[in-house]
Amino acid sequence: MVPANPAAESTSRTRSVIAGLALTRPAAAQRIRTALRDGAPGFDAMQEAITDYLDAERRLGRLAPDTDTGAVALALVGTVHHLLMTGWAGAPDPRGQAERLVTMLVGPAGAAAGDPG
């Protein structure tokens, strides 16, 4: 089956991947704390990696050409840090919040391909 709007579906998957890259499960918070304590690259490295990923998505036309990828990455890293550090076992899965943030920052699925949503 051919998708009705392949660019929109790809963009939607991209937004889910961005949020999914940032949030996995509650144990991730502890692993991040331990890694940072043990000298792993900090939040600047995470922000740079996400910015690079978003830049690639923008070059592929999956994000609007004027997307401020550095600002999106900063907002996402800060939000994910907050969600991971304030979450607790049994808390609602924070991926939905992260996905809503990404949509607010880069627009609805398909917007980069000229589809308003």
Side-chain angles (χ1 to χ4, degrees):
M1 179 176 162
V2 176
N5 186 341
E9 287 191 19
S10 177
T11 303
S12 179
R13 283 191 302 274
T14 297
R15 284 170 178 73
S16 292
V17 168
I18 293 167
L21 287 172
L23 294 165
T24 55
R25 54 187 180 262
Q30 183 57 44
R31 287 196 305 273
I32 290 170
R33 286 186 197 109
T34 300
L36 291 172
R37 183 193 68 220
D38 293 344
F43 292 101
D44 289 342
M46 292 178 215
Q47 181 181 341
E48 185 177 323
I50 293 171
T51 299
D52 290 347
Y53 174 80
L54 294 172
D55 286 342
E57 292 296 312
R58 185 177 56 197
R59 281 190 300 276
L60 292 169
R62 295 178 183 151
L63 295 176
D66 62 346
T67 300
D68 183 343
T69 57
V72 172
L74 174 62
L76 186 58
V77 168
T79 299
V80 167
H81 177 260
H82 168 75
L83 291 171
L84 289 174
M85 296 302 119
T86 60
W88 63 92
D93 188 336
R95 282 180 279 200
Q97 290 176 292
E99 288 177 8
R100 288 192 304 278
L101 173 70
V102 171
T103 297
M104 192 247 342
L105 292 170
V106 299
D115 178 2

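It should be emphasised that the depicted structure is a prediction, and the values quoted were computed from it without experimental measurement.
Leu105 meets the side-chain contact (heavy atoms from CB on, under 4.5 Å) test with Val72, Ala75, Leu101; sequence neighbours excluded. With sequence neighbours excluded, the residues satisfying side chain to side chain donor-acceptor pair (under 3.5 Å) with Asp55 are Arg58, Thr69.
By the rule that hydrophobic residues join a cluster once side-chain heavy atoms approach within less than 4.5 Å of another member, Val102 and Met104 end up as members of one cluster. Transitive grouping of hydrophobic side chains (ILVMFWY, heavy atoms separated by less than 4.5 Å) keeps Val106 and Leu74 in distinct clusters.
The structure places CD of Gln97 at 12.5 Å from CZ of Arg95, a figure rounded to the nearest 0.5 Å. Summarising the geometry, atom OH belonging to Tyr53 is positioned 8.5 Å from atom CG belonging to Leu63; distances are rounded to the nearest 0.5 Å. Within the model, atoms NE2 of His81 and CG of Leu76 stand 13.0 Å from one another, a figure rounded to the nearest 0.5 Å.
Side-chain N or O atoms of Thr67 include one that pairs as donor or acceptor with a backbone N or O of Ala64 at under 3.5 Å.
Applying the side-chain contact (heavy atoms from CB on, under 4.5 Å) test between Leu54 and each of Ile50, Thr51, Asp52 identifies Ile50 as the sole match.
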